[in-house]
Amino acid sequence: MKRYFTVILLLLISNPVIADFEFYRGVRQMGMGGASIAVVNDETSVLSNPNGLGRLRDSFYTLIDPELSTGLDDHETLLGTAALDSVIPEDVYNQLGDNLENPYYFKGQVFPSIVVPNFGIGVLGRYEVLAQRNSDGTMDYQYQNDYSLNLATNLSFWGGRVKLGFAGRLINRVEYFGSKDPAVESLALSSFANEGLAIASDVGLTLAAPWQYLPTLTVLVRDVGGTSFSFGDGFFGNASNGRPNFQQQSIDVAVALFPIYSNQSRGVFTVEYTGVDSTDEVEDPMDRLHVGTEINMWDAYFFRLGYHANDWTAGFEYATGLLQWQMATYSEMVRIGNYSERDRRGVLKLGIRF
């Protein structure tokens, strides 16, 4: 009985790992300081900003594009699990036995899609977890799994100087943010994870001036009106445990320049501020600032640098007609108990598209 009271007390007064999960963050975006909405120009426009579909010069059919992210200090835990077991609470708990009081992060996602100029459709699958096993035997466990069908379209006016885009998605989300004690509770995800279906939408507006470097202003409204996961019970039978958290609307703004250096190289520079309508007085406003730059050489080699969450980011891409290799590194502040810890992460992606 004493053990049960201890668990209840922990749930009431503990401050578990705080995760900053987002519906979509891609490797190019994170190499460029987390900025994307004014510069995205590929299939990920369906997820990041539908205005990007108006910048497509060709059609793309993405067959497979696995993208993996993890903390750079988490490789031993990750290698100790297999495939998606790296997000399963029982396996994560066991692997963290030799790494107490240290956060573990992993994300895996795929986005097979079809995009043509001004229209795109794709299916996103995403698993993301942030966990910490504590010395008292409990585990802080933060988890999201999304499967979503995504549609997006863009309307261009005045020779593309004005773009108006719309994106919609049907999301099945499984989620949990809290603490578990395996001594008295099951670690089976089905016993405690929340689930629900939602319909969400984004609206984007991009204005580009017909001057040198194409100065661009973009405003994106994410989750218009907020997104509630009460549209349906979901696919995996966890709705009886509760519904995922309501997703607040967010207004993001960005400016960008597109300099041309030579016939073989051109660049991108962008500054983005997310959640300008946020009323969160605790969060550091600088965490919402994202600055990024990219140099493109021969449409094959891409070098990226940026500023995100008060720290530097970097990325590289090599692209051919069929294959696309991308990597990036960035960091996030993970808050645990009464102190904060910076977690540097790495991202790898292989895309096969034509």
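These values consider heavy atoms only, across backbone and side chains, with no hydrogens, waters or symmetry-generated copies.
Pairs passing the side-chain hydrogen bond (donor to acceptor under 3.5 Å, both in side chains) check and including a residue from residues 205-222, sequence neighbours excluded, read Asn51-Thr206, Thr206-Thr218, Arg222-Asp252.
Scored by the side-chain hydrogen bond (donor to acceptor under 3.5 Å, both in side chains) test, Ser113 finds no partners at all (sequence neighbours excluded).
Ring pair Trp298/Tyr301 is perpendicular by interplanar angle, where above 60° counts as perpendicular and below 30° as parallel. Ring geometry for Phe354 versus Tyr61: interplanar angle under 30°, hence parallel rather than tilted (30 to 60°).
Closest non-hydrogen pair, Gln29 versus Arg25, comes out as OE1-CA, 3.4 Å.
With contacts defined as side-chain heavy-atom distances shorter than 4.5 Å, the pair Val92/Tyr104 qualifies. Taking 4.5 Å as the limit, every side-chain heavy atom of Phe166 sits out of range of all side-chain heavy atoms of Ser201. The closest side-chain heavy-atom distance from Gln132 to Met139 is not below 4.5 Å. Side-chain contact between Val334 and Arg342 is absent, with no heavy atoms from C-beta onward closer than 4.5 Å. Between Glu101 and Ser135, the closest side-chain pair of non-hydrogen atoms falls below 4.5 Å. Arg161 has its side chain within reach of Pro210: a pair of non-hydrogen atoms, C-beta onward, lies under 4.5 Å apart. Inter-residue side-chain proximity for Trp325 and Met327 is flagged as unmet; no heavy-atom pair is nearer than 4.5 Å.
Side-chain atoms of Glu272 never come within 3.5 Å of backbone atoms of Val255 as a donor-acceptor pair (strictly under, hydrogens ignored). A donor-acceptor pair under 3.5 Å is absent between the side-chain atoms of Asn134 and the main chain of Gly137, judged by distance alone. The backbone N or O of Asp91 sits nowhere less than 3.5 Å from a side-chain atom of Gln95 that would complete a donor-acceptor pair. Under the 3.5 Å distance criterion, the side-chain polar atoms of Thr329 are matched with a main-chain donor or acceptor of Arg345. A donor-acceptor pair under 3.5 Å links the side-chain atoms of Tyr176 to the main chain of Ser179, judged by distance alone. The closest donor-acceptor contact from the side chain of Asp65 to the backbone of Phe111 lies under 3.5 Å. No donor-acceptor pair closer than 3.5 Å links the side chain of Tyr307 to the backbone N or O of Leu289.
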side-chain hydrogen bond (donor to acceptor under 3.5 Å, both in side chains) between Asn238 and Ser190: does it pass, once the steps are laid out?
-> CA-CA 6 Å; Asn238 301 315; Ser190 59; 5.1 Å; no
side-chain hydrogen bond (donor to acceptor under 3.5 Å, both in side chains) between Thr138 and Asp136, intermediate numbers included = CA-CA 6 Å; Thr138 63; Asp136 63 2; 2.7 Å; yes
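Heavy-atom neighbours of Asp299 CG from other residues, nucleotides or ligands within 6.0 Å: above the threshold of 12. Other residues, nucleotides and ligands contribute only 12 or fewer heavy atoms inside 6.0 Å of the CZ atom of Phe231.
Residues Phe235 and Tyr147 keep their aromatic ring centres 6.0 Å or farther apart. Taking the ring centroids of Tyr143 and Phe106, they lie at or beyond the 6.0 Å cut-off. Ring centroids of Phe316 and Phe302 are separated by 6.0 Å or more, keeping the two rings apart.
Note that the CG atom of Asn172 and the CG atom of Asn145 stand 7.5 Å from one another [nearest 0.5 Å]. In this structure, the separation between CZ on Phe21 and CD on Glu128 is 4.5 Å, given to the nearest 0.5 Å. Atoms CZ and CG, from Arg353 and Asp42 in turn, are 6.0 Å apart once rounded to the nearest 0.5 Å. Note that CD of Glu294 and CE of Met297 are 12.5 Å apart. Values are rounded to the nearest 0.5 Å. With rounding to the nearest 0.5 angstrom, the CE atom of Met32 is 14.0 Å from the NE2 atom of His308.
When Val39, Val291, Ile37 are each tested for a side-chain contact (heavy atoms from CB on, under 4.5 Å) with Thr270, only one passes: Val39. If you run side-chain contact (heavy atoms from CB on, under 4.5 Å) between Val203 and each of Ile251, Leu220, Asn49, Val224, only Val224 comes through. Each of Leu47, Asp223, Thr227, Asp202 was evaluated against Phe23; a single residue qualifies, Leu47, per the side-chain contact (heavy atoms from CB on, under 4.5 Å) test.
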